[in-house]
Every structure is written in C-alpha cells, then in structure tokens.
Amino acid sequence: MSRRAKVAIIMGSDSDVSTMNEAVKVLAEYGVTCDVRILSAHRSPEDTAKFAKSARSNGFSVIIAGAGGAAHLAGVVASYTTLPVIGVPMETKELKGIDSFLSTIQMPSGVPVATVAIGKAGAKNAGILALQILGITDKVIAKKLENLKRSLVESVRNKNRSRKSG
Ligand code: RP5
C-alpha cells in the first residue's frame, strides 16, 4: 500500500520539471511519495491560493516550491499556510538565477520561506531538508539521514585517499 504523500512539490512551469526532479528523486530514495504539480503565482493565482489554503487539511507536512525569474510562488504559498515552505530558485538564462534567488529569499518579516541554492543542487537539498523536517518525528527517515551524513564524510575521505595513492 502506498503511503499518502506528505510532501507537495510545486513549480511555476513545466520548464522547471527537470530541475525539480532532483527533489522528487531524493524523496523517492527515502520511500516518501510526493504530489507534484504545476502552479503559477502569476499565471494561475487562484489555483495556487486554493492549493496553499488546503495543503494542511490535504495531509501535507512540507511544501517545496520551485520558480524562476520573478519567483513569487514560494512566498505566495507561504502567505496562505502555516506549513514549512522550502523555496527553490530556478537557474535562468538571462540572470543565471540571481533573479529567482532574490525573489524567493527576500521575504518580509512574518512570512518565512526556507530558500535553498539555485538550480539542481538546491532542488536536491530541498528534498533533503523536507526529509529532515519529516525526520523530527519519523525515526526511519532520521536513521537514513544519519547514513547519508556518514556517506558524505566517507566520500571526502576517499578523495584524500585516492589523491595520496595517485
Ligand atoms: C516561472 O517563470 C517559472 O517557474 C519558470 O521558471 C519561469 C519561466 O516559465 P516558462 O516561460 O518557461 O513557462 O514562473
């Protein structure tokens, strides 16, 4: 039986899918299903508001929102919900994602968005951060995250070992 999606992954356009798939992948690795949908703060504002207002009652615990350019999606969603919202700034052709980054991170006092790095690294980290939030109460996820930390340490040590032996 599949577990109900705890994490919602939303994005402003289908052009964001390949970046946001990094978050989907990491959550899948931990057995966490997510609900993925395209919602735009500017092109479909009413649908976005409806989603955000009902996210908690629909069983979500965390929302990951990716958008590019004038990236208001995460902030708008955060304005309607008390769930944690993680914002992923898309890399853009014109300004390399600095536009998305500033639009996502620079929220006014009272409405936080946990903003991660621009692009695919940020999307992956958004997935990990969502897992860390779920891991506060889910011991299985917390245990797997400890393994991830250990594997990061090992990968750096291995690089030193191969440098010395090379
Ligand atoms: C944003 O505008 C989207 O999140 C996307 O990153 C950007 C460009 O969208 P498209 O014109 O490719 O649909 O709302």
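When a ligand or atom number is given, it counts from 1 through the structure's own listing order. Everything quoted here is computed from the prediction, not taken from an experiment.
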Inset, instruction - Taking atom types as modelled, find out whether Asn160 and Arg157 have a side-chain donor-acceptor pair closer than 3.5 angstrom. - result: no

Inset, instruction - Answer with yes or no whether the side chains of Thr82 and Arg56 bring together a donor and an acceptor at under 3.5 Å. - result: yes

Legend entry - Remaining members of the apolar cluster that contains Val156, side-chain heavy atoms under 4.5 Å: none

Legend entry - Close residues, ligand 1: non-hydrogen atom nearer than 4.0 Å: Gly12, Ser13, Ser15, Asp16, Arg43, Ala67, Gly68, Met90

Inset, instruction - Over 60° means perpendicular and under 30° means parallel, so classify the ring planes of His72 and His42, tilted if in between. - result: perpendicular

Inset, instruction - Let me know which of Ile64, Leu39, Val85 forms a side-chain contact (heavy atoms from CB on, under 4.5 Å) with Ile10. - result: Leu39

Legend entry - Salt bridge Arg161-Glu154, side-chain N to carboxylate O under 4.0 Å: yes

